Amino acid sequence: MSFLFNTHNRSGIAFAMGQGCYLFDEANNKYLDFASGIAVNSLGHCHPEVNKALTKQANKLWHVSNLYTISEAEAFAKQMCDFTFADKAFFCNSGAEAVECMIKIIRRYFFLKNQPQKNRIITFKNSFHGRTIATVCASANYKYMEGFAPFLDGFDCIDCGDIELVKKTITDKTAGIIIEPVQGEGGVNFVGAAFLQDLRELCNQKNILLALDEVQCGMGRTGTLFAYEQAGIKPDVLAFAKGIANGFPLGGCLATGDAASAITPGTHGTTYGSNPLAMAVGSCVFGIISNPNFLHGVKEVADYLDEKLKNIIASHPDLFVKPRGLGLMRGIECSAALQASVFVEVARVNNLLLATAGQNVIRILPPLIIGKSEVDEFAESFNKTIKSL
Ligand SMILES: *Cc1c(COP(=O)(O)O)cnc(C)c1O
């Protein structure tokens, strides 16, 4: 009997320790972690440099308040802006809060421009933006909304990938577009560079803010620091979280100076935001991942994984349909003959941790620090799982 809210169908497995790409359960069984706590442990478990940054800051200062200047936050914000499109950063504690901040920026931006009627946001089906009332309504996924009425208005959720449909949906009330460049929970769907470019152009023409939810696909996950780089575009606002602090709760927004001007003192904030402990960990993780050599390594090992996935799928056309995703954010779409959730359970018995996504997709999210040997080990366990189905 658990004293926790019944939010998840949890596996009985309990991990006691983590090291690099591996987790160890209470009986000391070793698991290859290709789920990374859902794209969170980007540098693997208990990364020595990150642990050092955490303990160093823990012995110095944990929390103050945004009533004061927080030099760790000033420095980290500059560090993030130096490596991205952004002029300004905001820190909070989770992905949903980061997206919530984007929604507020989009609405208030046009309010301050004396266009308060311009307050609707276009979003896309199969997206996932978090679990607050605003973010579940943004995704318009009734599975997550049922029982939580009244719903929040202001979102026009449409099919993803059809630029003509986006054009048709835009009215003089449209203020912003929120999109995940690679949909995570929805099934590991890369929306495509061309679609992102078309959205950027459309937003410029119609004076609409382009807001990217890179909570899952950002922070090196796809082989570039952020996924938007692969489309050669720049957003107006971007939400990050998950991989940013390797498991320390941290999220936030990046924005152009123009978009960020929507937020003025008193209009947004959070108690823990910019907390020195979170800043120290985030800055350390960001420093490692933003290094071009590190990102080059991610791309290289992602290509190697891609080859393995293609081989696996080609050898089992009865079970698998096609690979999905980008970089180290991968999925395998299963055929009707195989339930992705069953596969993930059997893989766990074979000491391989995976996740599921969307409609019957096996989601593969290894730590970004994997090498070819971990990919080989993954392929071996994956094939063993197929045999033991
Ligand atoms: C996980 C996720 C969120 C929500 O993040 P939380 O930290 O769980 O609130 C939002 N957007 C995307 C794309 C995500 O993958």
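Count residues from 1 along the sequence. Because the structure is a prediction, the values reported are computed rather than measured.
R108 and A262 make their closest contact through NH1-O, 2.9 Å (heavy atoms, listed as atom of the first residue, atom of the second, distance). Residues C157 and A140 share a closest heavy-atom pair of CB-CB, 3.6 Å. Nearest heavy-atom pair, G95 versus V215, reported as atom, atom and distance to 0.1 Å: CA-CG2, 3.8 Å. Of all heavy-atom pairs spanning A89 and A77, the tightest one is CB-CB, 3.8 Å.
Hydrophobic clustering of Ile, Leu, Val, Met, Phe, Trp and Tyr side chains at less than 4.5 Å, counting indirect connections, unites V237 with F155. In the hydrophobic clustering of this structure, F83 groups with L212; members are Ile, Leu, Val, Met, Phe, Trp, Tyr whose side-chain heavy atoms approach within less than 4.5 Å, directly or through other members. F90 and F286 are assigned to two separate hydrophobic clusters, defined by single-linkage of ILVMFWY side chains at heavy-atom distances under 4.5 Å. I121 is not connected to F111 by any chain of hydrophobic side-chain contacts under 4.5 Å among Ile, Leu, Val, Met, Phe, Trp and Tyr, and they are in different clusters. The same ILVMFWY cluster, assembled from side-chain heavy atoms under 4.5 Å apart, contains both I179 and M219.
Here the straight-line distance linking atom OG1 of T171 with atom NZ of K118 works out to 9.0 Å at 0.5 Å rounding. Taken to the nearest 0.5 Å, the NZ atom of K30 stands 10.0 Å off from the SG atom of C21. With rounding to the nearest 0.5 Å, the separation of CD1 in I289 from OG1 in T224 is 12.0 Å. Residue S2 holds its OG atom at 6.0 Å from CZ of R10, rounded to the nearest 0.5 Å. Note that OG1 of T264 is 6.5 Å distant from CG of L112, once rounded to the nearest 0.5 Å. We find the OG-CG distance between S65 and N275 to be 10.5 Å, quoted to the nearest 0.5 Å.
Partners of T271 under the side-chain contact (heavy atoms from CB on, under 4.5 Å) rule, at least two apart in sequence or in another chain, are H63. Taking the ring pair (Phe, Tyr, Trp, His ring centres under 6.0 Å) definition, one finds that Y304 meets it with nothing, sequence neighbours left out. I313 meets the side-chain contact (heavy atoms from CB on, under 4.5 Å) test with F320, P323, I332; sequence neighbours excluded. Partners of Y22 under the ring pair (Phe, Tyr, Trp, His ring centres under 6.0 Å) rule, at least two apart in sequence or in another chain, do not exist in this structure. Under the ring pair (Phe, Tyr, Trp, His ring centres under 6.0 Å) criterion, F248 pairs with no residue, sequence neighbours left out. Under the ring pair (Phe, Tyr, Trp, His ring centres under 6.0 Å) criterion, F34 pairs with F378, not counting sequence neighbours. In this structure K60 satisfies the side-chain hydrogen bond (donor to acceptor under 3.5 Å, both in side chains) test with no other residue, sequence neighbours excluded.
More than 12 heavy atoms of other residues, nucleotides or ligands lie within 6.0 Å of CD in Q205, so this atom counts as buried by the packing criterion. Counting non-hydrogen atoms of neighbouring residues, nucleotides and ligands closer than 6.0 angstrom, the CD atom of Q117 exceeds 12 such neighbours. Within 6.0 Å of NZ on K308 lie more than 12 heavy atoms contributed by other residues, nucleotides or ligands. Atom CZ of F24 is surrounded by more than 12 heavy atoms from other residues, nucleotides or ligands within 6.0 Å. By the neighbour-count criterion of 12 heavy atoms within 6.0 Å, atom CD of Q19 is sparsely surrounded, having that number or fewer from other residues, nucleotides or ligands. By the 6.0 Å contact criterion, CZ on F151 is enclosed, its count of non-hydrogen atoms from other residues, nucleotides or ligands being greater than 12. Enclosure of atom CD in Q197 by more than 12 non-hydrogen atoms of other residues, nucleotides or ligands within 6.0 angstrom is indicated.
In this structure, a donor-acceptor pair under 3.5 Å is absent between the side chains of D213 and S127.
The closest side-chain heavy-atom distance from L389 to L319 is below 4.5 Å. Here the side chains of I233 and L199 are not in contact, with every heavy-atom distance at 4.5 Å or above. Side-chain contact between L309 and I364 is present, with at least one heavy-atom pair separated by less than 4.5 Å. Within the 4.5 Å cutoff, no side-chain heavy atoms of N126 are placed close to those of C160. Side-chain atoms of E333 and R324, non-hydrogen and from C-beta on, do get closer than 4.5 Å to each other. The shortest side-chain heavy-atom distance between E307 and V375 does not fall under the 4.5 Å cut-off. When side chains are defined from C-beta on, S381 does not count as touching N351, because their heavy atoms never get closer than 4.5 Å. Two residues are said to be in side-chain contact when any heavy atoms from C-beta on lie closer than 4.5 Å; I70 and P276 meet this criterion.
Residues in residues 152-162 take part in these salt bridge (Lys or Arg N to Asp or Glu O under 4.0 Å) pairs, two or more places apart or across chains: R120-D153, R120-D156, K125-D159. Applying the salt bridge (Lys or Arg N to Asp or Glu O under 4.0 Å) rule to pairs touching residues 177-191 yields E185-R363, sequence neighbours excluded. Pairs engaging residues 251-262 under the side-chain hydrogen bond (donor to acceptor under 3.5 Å, both in side chains) rule: Y109-D258 [sequence neighbours left out]. The side-chain hydrogen bond (donor to acceptor under 3.5 Å, both in side chains) contacts involving residues 43-58 comprise D33-H45, where partners must be two or more places apart or lie in separate chains.
Of the possible donor and acceptor atoms, none in the side chain of Q230 sits under 3.5 Å from a partner among the backbone N and O of L326. Panel note: side chain E374, backbone L32; no donor-acceptor pair is recorded below 3.5 Å. With N66 contributing its side chain and S274 its backbone, the two residues share no donor-acceptor pair below 3.5 Å. When atom types are taken as modelled, the side chain of N350 and the backbone of L352 share no donor-acceptor pair closer than 3.5 angstrom. Here the side chain of N189 pairs no donor or acceptor atom with the backbone of V191 at under 3.5 angstrom. With hydrogens and angles disregarded, a donor-acceptor distance shorter than 3.5 Å links the side chain of R200 to the backbone of K234. The backbone N or O of G327 lies less than 3.5 Å from no partner atom in the side chain of T222, so there is not a single donor-acceptor pair. Judged purely by atom type and a 3.5 angstrom limit, S283 has no side-chain atom pairing as donor or acceptor with the backbone of A280. Under the 3.5 Å distance criterion, the side-chain polar atoms of D236 are left unmatched by any main-chain donor or acceptor of A211.
The six-membered or imidazole ring of F85 lies away from that of F226, with a centre-to-centre distance of 6.0 Å or more. A distance below 6.0 Å separates the ring centres of F195 and F124.
Counting Ile, Leu, Val, Met, Phe, Trp and Tyr side chains that sit under 4.5 Å apart, directly or through other members, Y31 shares a hydrophobic cluster with I13, F15, L23, L353.
Note: F76 and F91 have parallel aromatic rings, judged against thresholds of 30 and 60 degrees for the angle between ring planes. Ring orientation note: the planes of F128 and Y144 are nearly perpendicular, at an angle over 60° on the 30°/60° scale.
For K299 and D303, the salt-bridge test fails: no basic side-chain N is under 4.0 Å from an acidic carboxylate O. One finds a salt bridge joining D82 and K78 here, because a Lys/Arg side-chain nitrogen approaches an Asp/Glu carboxylate oxygen to under 4.0 Å.
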Checklist entry - Between K167 and E164, does a salt bridge (Lys or Arg N to Asp or Glu O under 4.0 Å) hold up when you go through it step by step? => result CA-CA 5 Å; K167 278 183 197 162; E164 291 308 316; 3.4 Å; yes
